[in-house]
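Working notes for the structure below.
Side-chain atoms are counted along with the backbone in the values below, which use heavy atoms only and exclude waters and symmetry mates. Residue numbers start from 1 in every chain, and the chains themselves are labelled A, B, ... in the order their sequence lines are given, proteins ahead of strands. Worth saying up front: this structure is predicted, and the values here are computed from it rather than measured.
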Amino acid sequence: MLEGQYDSKKVENKIYKLWEESGFFNPDNLPNAKKRKSFTIIMPPTNANGNLHAGHALVMTIEDIMTRYKRMNGFKALWLPGLDHAGFETQVVYEKKLEKEGRSRFQIPKEQLYKEIWDFTQENKVNIKNQVRKMGASCDWSREKFTLDQDIVKVVYETFENLYKDGLIYRGKKIVNWCPKHQTSLSDLETKDDEKIEKFYYLKYGPFTIATSRPETKFGDKYVVMHPDDKRYIDYKNGQKIDLEWINGPITATVIKDKAIDMEFGTGAMTITPWHDAVDFDMSERHNLDKEQIIDLQSKLLPIAGEFTGMKILEARPKIIEKLQSKGLVEKIDENYKHVTKTCYKCNTLIEPQIMSQWFLKMKPLAEPATKAIQAGKIKFIPEHYKKIALHWLKNILDWPLSRQIAWGIPMPIKICENCGENFVDINNQLQSCTKCNSQLKKDPDTLDTWFSSGQWPFATLMNTGKNDFNNFYPTDVMETAGEIIFFWVSRMIMLGIYRTGKIPFKNVYLHGLVLDAKGQKMSKSKGNVINPLDLIEKYGTDALRISLVMGNTPGTSLALDENKIRGYKNFANKIWNAGKFVLMNTAGVDITKKPRLSKDDAKYLAELNKSIAKITKQMDNFKFYLAAEDIYHYFWHVFCDKIIEEKKKDILGEDLVKRDSAKWLLLEIYATCLQLLHPFMPFITEEIYQQLSIKNKEKCLMIEKWPD
RNA sequence: GGGCGCUUAGCUCAGCUGGUAGAGCAUUUCAUUUACACUGAAGAGGUCAUAGGUUCGAGUCCUAUAGCGCCCACCA
């Protein structure tokens, strides 16, 4: 019998265990599994480098709502959980840990570092999985995957090889974003802009004045570029040589005319540093110019800098200006030059572009079919405006650098000849010697960008399961993730999914916004406003947290998570509990399968209920969980409890037997129906009460009851 | 420079294909042991950013303006 107030702590672990032991998280075990149509959500693999945060809590809630709803609607519902090794992210987390211990990754042999991080992620995996269980997630643990599992890596390597054979993966000597602190290259998405006010130097360069904020890169500059239409420089011709005095002595400069130059900016003339600037690199490629490295990977000047060799760039900058001044080459210095610099998104260190030999993926041929599929409406975006955002990005897509110079990740499936430098894709690790010169091969020391593996997640998780999972569950139905990672992840999954399987990887993309603090501010450790979902569960119960996260949360917009709101829904949980107490107390012996003759009022109430069910169902089908939750909440509390129960009290106690039977049956019927409607949102309390309802022919658990219609 | 949003009750936000505004929280008054005080009843509150337009009729569609926010981009 239900007693006292609802106590989530007594219920949650017990109920989760009941579900797990029922086996119904695994869709193969559902009643009549073979006849059911499949419904699949692949869980975004959680980074195995920390704890669940509020954003994860939202993911778990929304996806569990969808899964439970579809399961109750007779689908073979698969929600496949997974964890991500999260290459660079995890290595950064681990490096911070090492720093605290007074160690450095650069002193640890790569194999040992890999092993240490492996152990670190294994510990985290256990934690995270327990936290996912705390959220009530009804995912199929028997199909759990990790991005470093053998079968996943196999799929990833096969895709790599296919792409290579199709000429889409190539080794390029191109300019990349280099983080001097982390000693790795990064994709454009992994850098961010940082606005700074710096000095802007106007330097005399022969007959020209050039402007720069980075004089330390200028040692090797031997091309001076201007716009072909610039009348000021009309007398200088493309290719013209000019002898001039520069930082460390006389040099010969060459005039280049290029339309990329902005005539309005600076003096309209600039020198270029192709090794350390992406624009300059492109220009030098267009005109086939020499490129020379000035700065090494530690951001120190190379011998070309003469007396400045070995200095860190920021130390060298004022000294170089001093020297230029003494030579009379500084025209003026603008002290307040506002401009943006690229920095590492993790450590804020200034990105130093470098030319390196790396593996790239040609994106245009992959983007095209993805664009077509999206334009044809084969993938539905929720909210819709993300469609435009995705298309815009795909239209302007650049090649994707895949190599990362870090230990933690999937090794590049590449062998390099020590003698002739030839590269071989070797996904099975079979090649021993170079097929060209027969010399010894060594492994490419780099690892793959983590998004290259997670970008294949929807099919990689289903391909090598030893069952018919790929055919049964792919393409998946919904990809639910943070709007923030639409480029990093969603777009790449679409491209790689179509490439590898010929099919879109998912039919719907549901993108949620950020979870903010009560004041609407982004949570961050430095602000100290991070809300830990486990604390909230402890205080208010999982069900209250879950419904707080969806109530009023429209897709794509951020949600301010206020504890008062959660407290309110804890009260709601208690309301459900108390109403249950009342209904159970007053309906003992009622057989819900035998509908009595209903009084006029009761028939009206039943019709009203059916209307509400239809409305809520429609909202669920349209992914409007925020509306469905509100309606069921409102119906349960303010219609069922406040009106119907209050009114029926007199019938239950009254003398009229027809009215009494009618009222009792109605209360039980509505209450049981509400438990079903509420179940996807608040699974623990509803299941707990369901277990105590005495209903004929009821299922083993509410989780697999039929959704009301 | 390009793109995408937002602006509705004190606060947080809903309002789908157009029919003179809704929820939760907060607030005011009342009820005082009722399944539930983690409660119930009643109430107060908004010229839906601004200006035009389409329409019999516009938070809802169109245009412009203002403010706020986010994303992308190679101004040395």
* **For atom CG of A:N396 and atom C1' of B:C74, their distance in whole Å** => 13 Å
* **Separation of the P atoms in B:G3 and B:U63, to the nearest angstrom** => 14 Å
* In the strands shown, is B:G40 matched to any nucleotide by a Watson-Crick or G-U wobble pair with both distances under 3.5 Å, and which? -> B:C30
* To do: Ignoring the backbone of A:L189, work out which of B:U39, B:A35, B:C72 is nearest its side chain.
  => B:C72
* Asked: Roughly, in whole Å, what's the span from CZ in A:F572 to C1' in B:U39?
  -> 15 Å
* To do: Indicate syn or anti for B:G59, taking the glycosidic torsion and treating anything within 90° of 0 as syn.
  => syn
* Under a 3.5 Å cut-off for both distances, is B:A35 Watson-Crick or wobble paired, and to whom? -> none
* Indicate, with a heavy-atom threshold strictly under 4.0 Å, whether A:G552 touches base, sugar-phosphate, or nothing. => sugar-phosphate
* Indicate whether any N or O donor in one side chain lies under 3.5 Å from an N or O acceptor in the other, for A:S662 and A:D602. => yes
* Whole-angstrom distance between B:G18 and B:C48, as gauged at atom C1' -> 14 Å
* Structure fact -> Regarding the side chain of A:H392, the nearest nucleotide among B:C4, B:G3, B:A35 is B:G3
* To do: For nucleotides B:A49 and B:G57, find the distance between their C1' atoms and express it as a whole number of Å.
  => 23 Å
* If only side-chain N and O atoms of A:H638 are considered, is one of them under 4.0 Å from the OP1 or OP2 phosphate oxygen of B:G24? -> yes
* Asked: In terms of ring plane angle, is the pair A:Y633 and A:H638 parallel, tilted or perpendicular, where the classes change at 30° and 60°?
  -> perpendicular
* Asked: What integer number of Å spans the C1' atoms of B:C11 and B:C16?
  -> 26 Å
* To do: With A:K575 as the cation and A:F636 as the aromatic partner, state whether NZ or CZ is under 6.0 Å from the six-membered ring centre and within 45° of the axis.
  => no
* Polar contact flag, side-chain donor to acceptor under 3.5 angstrom, A:E331-A:T209 -> yes
* Are the side chains of A:K204 and A:V330 in touch, meaning some heavy atoms are under 4.5 Å apart? -> no
* Asked: Using a cut-off of less than 4.0 Å, is there contact between a side-chain N or O of A:Y386 and OP1 or OP2 of B:G5?
  -> no
* Between A:N571 and B:U39, does any side-chain N or O lie under 4.0 Å from OP1 or OP2? -> yes
* Could you let me know what B:G52 is paired to, Watson-Crick or G-U wobble, both distances under 3.5 Å, or none if it's on its own? => B:C62
* Rounding to a whole Å, what distance do you find between A:Y626:OH and B:G22:P? -> 18 Å
* Asked: Do we see a donor-acceptor contact under 3.5 Å between the side chains of A:N578 and A:Y6?
  -> no
* Would you mind classifying the nucleic acid contact of A:G268 as base, sugar-phosphate or nothing, using non-hydrogen atoms under 4.0 angstrom? => base
* To do: Give one of base, sugar-phosphate or nothing for A:F281, where a contact means two heavy atoms less than 4.0 Å apart.
  => nothing
* For the side chain of A:Y633, starting at C-beta, report the closest nucleotide among B:A76, B:G40, B:C25. => B:C25
* Asked: Which comes earlier along RNA chain B counting from the 5' end, the contact point of A:N564 or that of A:N578, where each point is its nearest nucleotide?
  -> A:N564
* Spacing of the C1' atoms in B:U8 and B:C68 (rounded, Å) -> 16 Å
* Structure fact -> Checking B:G2, B:U39, B:C4 against the side chain of A:I389 (C-beta onward), the nearest is B:C4
* What's the CH2-P distance between A:W393 and B:G5, to the nearest Å? -> 19 Å
* Asked: Do any side-chain nitrogens or oxygens of A:T554 fall under 4.0 Å of OP1 or OP2 in B:A14?
  -> yes
* To do: Give A:A579 one of three labels, base, sugar-phosphate or nothing, depending on what nucleic acid heavy atoms sit under 4.0 Å from its own.
  => base
* Where the side chain of A:A560 is defined as all heavy atoms beyond and including C-beta, which of B:C75, B:C72, B:U12 is the nearest nucleotide? -> B:U12
* Could you tell me whether A:E646 contacts a base, only the sugar-phosphate backbone, or nothing, with contacts defined as non-hydrogen atoms closer than 4.0 Å? => base
* Quick one: A:L398 CG to B:C72 C1', roughly how many Å, whole number? -> 11 Å
* To do: Round to a whole Å and report the spacing from CG of A:D399 to P of B:C74.
  => 14 Å
* So, does the side chain of A:K388 form a donor-acceptor pair with the base of B:C4 at under 3.5 Å? -> no
* Whole-Å C1' distance, B:A35 and B:G19 -> 42 Å
* Under 4.0 Å between any heavy atoms, over every strand shown, what does A:H276 touch: base, sugar-phosphate, or nothing? Just pick one. => nothing
* Looking across every strand, which nucleic acid part, if any, lies under 4.0 Å from A:Y337 by heavy atom: base, sugar-phosphate, or nothing? -> sugar-phosphate
* Identify, between A:T191 and A:F265, the residue whose nearest nucleotide on RNA chain B lies closer to the 5' end. => A:T191
* Asked: Which whole number of Å gives the distance between the C1' atom of B:C61 and that of B:G67?
  -> 23 Å
* Rounding to a whole Å, what distance do you find between A:K624:NZ and B:A14:C1'? -> 10 Å
* Flag the pair A:W489 / A:W451 as yes when at least one side-chain heavy-atom distance between them is below 4.5 Å, and no otherwise. => yes
* **Nucleotide B:A76, atom P - distance to CD1 of A:I333 in whole Å** => 17 Å
* Asked: Is the NZ or CZ atom of A:K643 both under 6.0 Å from the centre of the six-membered ring of A:Y605 and within 45° of that ring's axis?
  -> no
* To do: Describe the nucleic acid contact of A:L559 in one word from base, sugar-phosphate, nothing, applying a heavy-atom distance below 4.0 Å.
  => nothing
* **Interatomic distance at C1', B:A26 relative to B:A51, whole Å** => 34 Å
* So what does A:D282 hit on the nucleic acid, given a heavy-atom distance under 4.0 Å: a base, only sugar-phosphate, or nothing? -> nothing
* What is the nucleic acid contact for A:D562, judged by heavy atoms within less than 4.0 Å: base, sugar-phosphate only, or nothing? -> nothing
* Nearest to the side chain of A:W637 - B:C25, B:U39, B:C72? -> B:U39
* Hey, is the side chain of A:H339 poking within less than 4.0 Å of OP1 or OP2 on B:A76, counting only N and O atoms? -> yes
* To do: Output yes when at least one side-chain N/O atom of A:K649 is less than 4.0 Å from OP1 or OP2 of B:A35, else no.
  => yes
* Paired with B:A21: which nucleotide, if any, by Watson-Crick or G-U wobble criteria at under 3.5 Å for both distances? -> none
* Asked: So what's B:C75 paired with, Watson-Crick or G-U wobble, going by both distances under 3.5 Å?
  -> none
* Structure fact -> Side-chain contact check for A:K342: nearest option of B:C74, B:A41, B:A35 is B:C74
* Structure fact -> Scanning all shown strands, the Watson-Crick or wobble mate of B:G69 with both distances under 3.5 Å is B:C4
* Asked: NA contact type, A:N622, heavy-atom cut-off 4.0 Å: base, sugar-phosphate, or nothing?
  -> nothing
* To do: State, yes or no, whether a side-chain contact exists between A:F640 and A:V583 at a heavy-atom distance under 4.5 Å.
  => yes
* Any strand is fair game: report the nucleotide pairing with B:G45 by Watson-Crick or G-U wobble, both distances under 3.5 Å, or none. => none
* Side chain to side chain, A:T267 and A:Y202, heavy atoms closer than 4.5 Å -> yes
* Asked: NA contact type, A:T557, heavy-atom cut-off 4.0 Å: base, sugar-phosphate, or nothing?
  -> sugar-phosphate
